[in-house]
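Since we're looking at a predicted model, the values are computed, not measured. As the structure lists them, so they are numbered: ligands from 1, and atoms in each ligand from 1.
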Amino acid sequence: MSGAVEILRQPRPMQRWAEAARLRGERIALVPTMGYLHEGHLALMREGWRRASTLVVSLFVNPTQFGPNEDFGRYPRDFDRDLRLMEEADVSVVFAPEVESVYGSGFQSWVEVTKLTRGLCGARRPGHFRGVTTVVAKLFNIVKPHCALFGEKDYQQLRAIEQMVEDLNFDVEIVPVPTVREADGLALSSRNACLSPAEREQALALSRALFAARRLAGKGATLEAAINEAQAVLGAASGVRVEYLEAVDARTLEPARNLGAPVLLAVAAGVGKTRLIDNVVLAARPSAPSARA
Ligand code: AMP
């Protein structure tokens, strides 16, 4: 089923809509996005429909999560195309505010998750997660969702939001959704649209490296061997500037030393002018003696 989507562009009307929906007894799911939608976003929307009676998608390229030398200006945007996809996904309301209605001229209140955002992307993109958690907190106050869907593709973001919800008592259920990939393994991302065909081919090294490590770990190899394997794949790839390849505890995001508990293997790399990220969770075979090595 699909139809015309209601578009709201200001926080107040969105809050009034949400309040009325709650009074009617609706259960609201929220999918926050920066637009330029793809199958990953659509998977979040489908999961939202499974868990709620009404679905709000926010579409907002949030300036506070971009650094001064990052790609805020170049970030791909196509509202009409997004709208068609959201109609097909039967979205109830699109919340697509202008920057000025989200950040007033006197804006000065921030939400920051400290420890979980120190490493990985947080170490390379100062202020990025502060921008993310602040805008998500605002979206929760504006859309008043019962549940909100986030992709494991942005794993550190997901963990930071889960922590924020716990620490600040947001009454919102956070639902993680597995990463959606192309048939050849490339994780879907709006930024893939910025890759030339040759760069897209080079970008495959990220998922190949992660899958190679996961395969080894699944066969009972040590974490060190799995990381070495991923490094070797990335090292042999051309056109890929590795920013980091790191193995961390999948819950705390602290450095991992072995596969005794689930490990997040995360990578960030530049391909052409585009920065890409990807990750997998490594788990040792339950019987593997290396699990406690
Ligand atoms: P973005 O528009 O890139 O800010 O992403 C909006 C939401 O979609 C975030 O929760 C992302 O983690 C999620 N997402 C992005 N790419 C994927 C993907 N390939 N698979 C699953 N979720 C994704």
Side-chain angles (χ1 to χ4, degrees), residues 29-51 55-66 70-72 74-79 81-83 85-86 89 91 94-97 99 102 116-117 120-122 125 128-140 143 145 147-165 172-195 200 203-204 206-207 210-211 264 266-268 274-281:
L30 168 66
V31 174
T33 83
M34 298 206 297
Y36 215 78
L37 303 178
H38 51 65
E39 264 304 318
H41 298 115
L42 297 177
L44 268 57
M45 293 180 208
R46 281 193 292 272
E47 188 58 37
W49 267 127
R50 279 195 278 275
R51 290 167 178 270
L55 174 64
V56 178
V57 174
S58 64
L59 210 151
F60 181 61
V61 185
N62 174 35
T64 64
Q65 68 188 70
F66 289 81
E70 295 183 356
D71 60 349
F72 177 69
R74 284 190 298 120
Y75 196 85
R77 295 164 167 88
D78 187 341
F79 186 72
R81 179 178 163 279
D82 287 346
L83 205 52
L85 289 170
M86 288 186 285
V91 170
V94 180
F95 178 55
V99 171
V102 176
L116 281 169
T117 64
L120 304 174
C121 285
R125 303 183 70 187
H128 167 68
F129 286 112
R130 185 178 86 147
V132 169
T133 42
T134 299
V135 83
V136 171
K138 285 169 72 72
L139 287 170
F140 286 174
V143 178
C147 65
L149 299 291
F150 292 89
E152 289 174 356
K153 159 81 172 21
D154 300 278
Y155 194 98
Q156 190 175 19
Q157 164 175 291
L158 168 66
R159 284 293 301 119
I161 289 164
E162 286 174 338
Q163 191 67 45
M164 172 186 86
V165 162
V172 180
E173 181 194 357
I174 302 302
V175 181
V177 176
T179 301
V180 178
R181 299 177 178 280
E182 304 275 11
D184 59 9
L186 183 69
L188 292 184
S189 163
S190 304
R191 289 188 170 97
N192 292 353
C194 306
L195 299 171
R200 192 201 170 286
L204 281 176
L206 275 70
S207 54
L210 297 174
F211 293 168
L264 180 81
V267 63
T274 309
R275 182 179 186 274
L276 299 172
I277 58 170
D278 199 353
N279 68 77
V280 291
V281 173

Point to revise | Enumerated ligand 1 atoms positioned under 4.0 Å from heavy atoms of His38 | key: 15 (C), 16 (N), 17 (C)

Practice item. With atom 9 (C) of ligand 1 as the reference point, say which of Arg191, Glu152, Gln157 has the nearest heavy atom. Key: Gln157

Check your understanding: Which pair of heavy atoms, one from Thr179 and one from Ala187, lies closest together, and at what distance?
Key -> CG2-CB, 3.9 Å

**Study point:** Note: Asp82-Arg77 ion pair, threshold 4.0 Å (strictly below)
**Key:** no

Point to revise | atom 3 (O) of ligand 1: nearest protein contact (heavy atom, Å) | key: Tyr75 OH, 3.8 Å

Revision key, fill the gap. Atom 20 (N) of ligand 1 sits nearest the protein heavy atom Val180 N, 2.8 Å

Point to revise | Leu188, any N or O under 3.5 Å of ligand 1 N or O | key: yes

Practice item. Examine the proximity of ligand 1 to Ala43 and report which part, side chain or backbone, both or neither, has a heavy atom under 4.0 Å away. Key: neither

Check your understanding: Has ligand 1 got any nitrogen or oxygen that is less than 3.5 angstrom from a nitrogen or oxygen of Pro32?
Key -> no

Review point. Between Asp154 and Gln157, is there a donor-acceptor pair closer than 3.5 Å when you use the side chain of the first and the backbone of the second?
Key: no

Review point. Checking side chain to side chain contact (heavy atoms under 4.5 Å, CB included) against Phe150, which of Val136, Val175, Val31 comes through?
Key: Val136

Exercise for review: For Asp71 and Arg191, run salt bridge (Lys or Arg N to Asp or Glu O under 4.0 Å): C-alpha distance rounded to whole Å, both residues' side-chain angles, the deciding distance at 0.1 Å, then the answer.
Suggested key: CA-CA 10 Å; Asp71 60 349; Arg191 289 188 170 97; 2.7 Å; yes

Review point. Nearest protein heavy-atom contact for atom 10 (O) of ligand 1: which residue, which atom, what distance?
Key: Gly151 N, 2.9 Å

Review point. Does ligand 1 have a heavy atom under 4.0 Å from the side chain of Met34, from its backbone, from both, or from neither?
Key: both

Exercise for review: Check ligand 1 against Thr179 and write out every atom of the ligand that is under 4.0 Å from a heavy-atom position of the residue.
Suggested key: 19 (N), 20 (N), 21 (C)

Exercise for review: For the pair Asn62 (side chain) and Gly131 (backbone), establish whether a donor and an acceptor sit closer than 3.5 Å, ignoring hydrogens and angles.
Suggested key: yes

Study note, to complete from the structure: Of all protein heavy atoms, the one nearest atom 1 (P) of ligand 1 is His41 NE2, 3.7 Å

Review point. Quick one: does Glu162's side chain have a donor or acceptor within less than 3.5 Å of a partner on Ile174's backbone?
Key: no

Check your understanding: Short question: side chain of Trp49, backbone of Ala89 - any donor-acceptor pair under 3.5 Å?
Key -> yes

Review point. Going by the atom numbers of ligand 1, which of them fall below 4.0 Å from some non-hydrogen atom of Thr33?
Key: 2 (O), 6 (C)

Review point. Based purely on interatomic distance, does Asp154 place a nitrogen or oxygen under 3.5 Å from a nitrogen or oxygen of ligand 1?
Key: yes

Review point. Are Glu173 and Arg51 ion-paired here, with the side-chain N under 4.0 Å from a carboxylate O?
Key: yes

Point to revise | Sole residue of Val57, Thr33, Leu42 in side chain to side chain contact (heavy atoms under 4.5 Å, CB included) with Met86 | key: Val57

Study note, to complete from the structure: Within 4.0 Å of some non-hydrogen atom of Leu44, the atoms of ligand 1 are 7 (C), 8 (O), 10 (O), 13 (C), 22 (N)

Check your understanding: Is the closest N or O pair between Phe150 and ligand 1 shorter than 3.5 Å?
Key -> no

